[in-house]
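Structure first, commentary second.
Small disclaimer: the values here were computed from a predicted structure and weren't measured.
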Amino acid sequence: MTRPSYRRYLSTLMLVLLSCACLVCAFVYIVDPYNLYGAVRRENFNAVKPGLSRYQSQIKHAHALRLQPSFIILGNSRAEMGFDPRAAAFGAMQGDGYNMGIPGTAMAMAISQFAQLTQAGIKPGTVIVGIEFIDFLKPAVAPPVRTEASSGHVPGFWRFDALFSLASVKDAVKTPFIQHDRAAFTIAPSGLNPALDYGAHAVRDGYYKVFKHRAQKSAARFVKMSKADFADGDFQAMHDFLVAMSATQADIKLVIYPYHAQMLTLFEGAGLWPLFEEWKQQVVLEVASVKKQYPSARISVTDFSGFGPYNCEPIPAQQQRHASTRWYWEAGHFKRALGDIVMQRVMTQKDGAPVDGQFGMLLTGATLAANRDRIAAERSACVAAQPDMFLFSKKLFARPLEDAPTDK
């Protein structure tokens, strides 16, 4: 091959490669699997977006920057799947809301998300935070220290990778095919995970198996936790977080998740119940401390845990293969129908114990004892109604348990 021919070959090759790269970027840009560009949005083509499996924090932050929500929801997968920003409870709110919940994350992620929003000049008027008791626990035996390797990516690299990478192309190709897939893993424009894949899993395997699997994994994790104290620094981080939110004049609503009663029996079986009660008291103390420091701070804590009629929803028996539940996917994740009730209670807060079918109790130093009495009374009724559920948990801790997953 002569020198001029070789140069023409290289030039042609570079032109072909550049053209292919441009076509790939154009394809991802138009299909927009992560809802970052908004150039084209058509029903039956790309209106439904695949769920986020990477860059969740960055992508949700980008969504919030564009939407500039008047209220946000922070938390883990329980919040992401259960709290719908478009619920009727928010009908009177001015402006849109956005669910920034990210699966498998602790309060540190919520703190980071809120800080990034405020740095960008976005100050939501209402902040709903799902607070997770499990996040405050620490292993009974300290795990080996791990040094996190740097990704080596410059800030903002995720935007390039979201546009030009094999994973992005795969998600773009997938997008048109999930438009009418009732079992697909998707994300709504509001940040909500509609849990279509969860529903398909429950239909396929049956709710008994789904509840049982989650209970086994949770129990295996809980027995490895310290029964004596909490992780270092978590309450101080919560205090600082509350101060940061209060500084923006936000109405802060802390929500203790409505765990299914089976989850609470696992707390009991693992010896974590005293810590659960102490955790609630400490949360209330932190809130009181911030309010004393900043009298104008608007912070509430509502406890939706317990053994009440919602929490004690019957788990379909093993032979009830096609039976369904109304309120829960399994003990750790509640359905959007229950989340809507939780949000209604949170947004129309009243002092005192729940009455007239209301759900959730406002926690203050003055109501902690009444809340314990409420849960004790509910437990007695739940034991009478669902004795097999309590027996299952008792037997579960009587034998060796498998390793637990890390997700929440």
Side-chain angles (χ1 to χ4, degrees), residues 73-80 82-83 100-115 127-143 145-146 214 217-245 252-260 263-290 299-306 311 331-334 342 360-361 363-365 368 371-372 375 404-408:
I73 297 168
L74 300 170
N76 56 25
S77 59
R78 309 191 206 285
E80 186 195 41
F83 297 154
M100 300 191 72
I102 298 179
T105 60
M107 183 167 288
M109 176 58 74
I111 294 172
S112 174
Q113 288 176 305
F114 185 81
V127 182
I128 299 168
V129 185
I131 53 176
E132 178 67 74
F133 163 62
I134 300 168
D135 289 341
F136 287 73
L137 301 178
K138 70 176 183 180
V141 178
V145 178
R146 295 181 180 179
R214 172 57 64 177
K217 295 299 184 180
S218 296
R221 182 184 180 190
F222 295 163
V223 295
K224 297 177 182 178
M225 296 298 175
S226 170
K227 316 301 186 293
D229 54 8
F230 299 101
D232 297 333
D234 281 355
F235 286 109
Q236 182 60 51
M238 169 181 275
H239 179 94
D240 295 342
F241 186 28
L242 293 175
V243 169
M245 289 189 288
I252 306 160
K253 299 180 182 297
L254 304 183
V255 176
I256 298 177
Y257 291 118
Y259 305 104
H260 188 275
M263 183 66 75
L264 301 192
T265 67
L266 300 181
F267 291 170
E268 292 178 337
L272 296 174
W273 190 265
L275 275 184
F276 189 39
E277 292 290 358
E278 184 181 342
W279 173 75
K280 293 179 186 179
Q281 181 176 5
Q282 190 62 40
V283 169
V284 169
L285 289 174
E286 294 296 342
V287 170
S289 174
V290 173
I299 313 172
S300 65
V301 185
T302 311
D303 185 7
F304 292 92
S305 69
N311 312 88
H333 291 90
F334 49 94
V342 170
M361 186 165 180
L363 285 192
T364 65
L368 281 168
N371 191 52
R372 287 193 293 269
I375 292 176
T406 58
D407 62 320
K408 293 189 284 293

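Residue F267 is tested with W279, F276, W273 for a ring pair (Phe, Tyr, Trp, His ring centres under 6.0 Å); the sole match is F276. The one candidate from E80, R214, M263 that meets the side-chain contact (heavy atoms from CB on, under 4.5 Å) condition with H333 is R214.
Here the closest heavy-atom approach between residue A79 and residue Y257 is recorded as CB-OH, 3.6 Å. Nearest heavy-atom pair, A270 versus F222, reported as atom, atom and distance to 0.1 Å: CB-CB, 3.6 Å. Shown here for L275 and S226, the closest heavy-atom pair between the two residues is CD1-O, 3.3 Å. Scanning both residues, V223 and K227, for their nearest heavy atoms gives O-NZ, 3.4 Å.
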Q: Apply side-chain contact (heavy atoms from CB on, under 4.5 Å) to the pair Q113 and I102, showing each step before the final yes or no.
A: CA-CA 10 Å; Q113 288 176 305; I102 298 179; 3.4 Å; yes
Q: Decide yes or no on side-chain contact (heavy atoms from CB on, under 4.5 Å) for N311 and L264, but give the supporting numbers first.
A: CA-CA 9 Å; N311 312 88; L264 301 192; 5.8 Å; no
(Q) Checking M100 against I73 for the side-chain contact (heavy atoms from CB on, under 4.5 Å) test, could you report, in this order, the C-alpha distance in whole Å, the side-chain angles of both residues, the deciding distance, and whether it holds? (A) CA-CA 6 Å; M100 300 191 72; I73 297 168; over 6 Å; no
Q: Check the pair V129 / F114 against side-chain contact (heavy atoms from CB on, under 4.5 Å), numbers first and verdict last.
A: CA-CA 11 Å; V129 185; F114 185 81; over 6 Å; no
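Ring-centre distance between F136 and F235: below the 6.0 Å cut-off.
Between the CD1 atom in I252 and the CD1 atom in I128 there is a gap of 12.0 Å [rounded to 0.5 Å]. Rounded to the nearest 0.5 Å, atoms CD1 (I131) and CG (N76) are 11.5 Å apart. Between the CG atom of D240 and the CD1 atom of I111 there is a distance of 7.5 Å, given to the nearest 0.5 Å. Distance check: M238 CE to L285 CG gives 11.5 Å after rounding to the nearest 0.5 Å. To the nearest 0.5 Å, atom OG of residue S289 and atom CD of residue Q282 are 9.5 Å apart. Put simply, CD1 on I299 and NZ on K253 are 11.5 Å apart, with the number rounded to the nearest 0.5 Å.
The closest donor-acceptor contact from the side chain of R78 to the backbone of F334 lies at 3.5 Å or more, if one exists at all.
Within the 4.5 Å cutoff, no side-chain heavy atoms of Y259 are placed close to those of L266. Taking 4.5 Å as the limit, every side-chain heavy atom of M361 sits out of range of all side-chain heavy atoms of T302. Side-chain contact between H239 and L242 is absent, with no heavy-atom pair separated by less than 4.5 Å. Using a 4.5 Å heavy-atom threshold, the side chains of L363 and V283 count as separate.
A231 is linked by a side-chain contact (heavy atoms from CB on, under 4.5 Å) to K138, D234, counting only residues two or more places apart in sequence or in another chain. Applying the salt bridge (charged side-chain N to carboxylate O under 4.0 Å, His left out) criterion to E286, with sequence neighbours excluded, gives no partner residue.
In this pair, F133 and F230 present their aromatic rings perpendicular. The plane angle is above 60°, beyond the 30 to 60° band.
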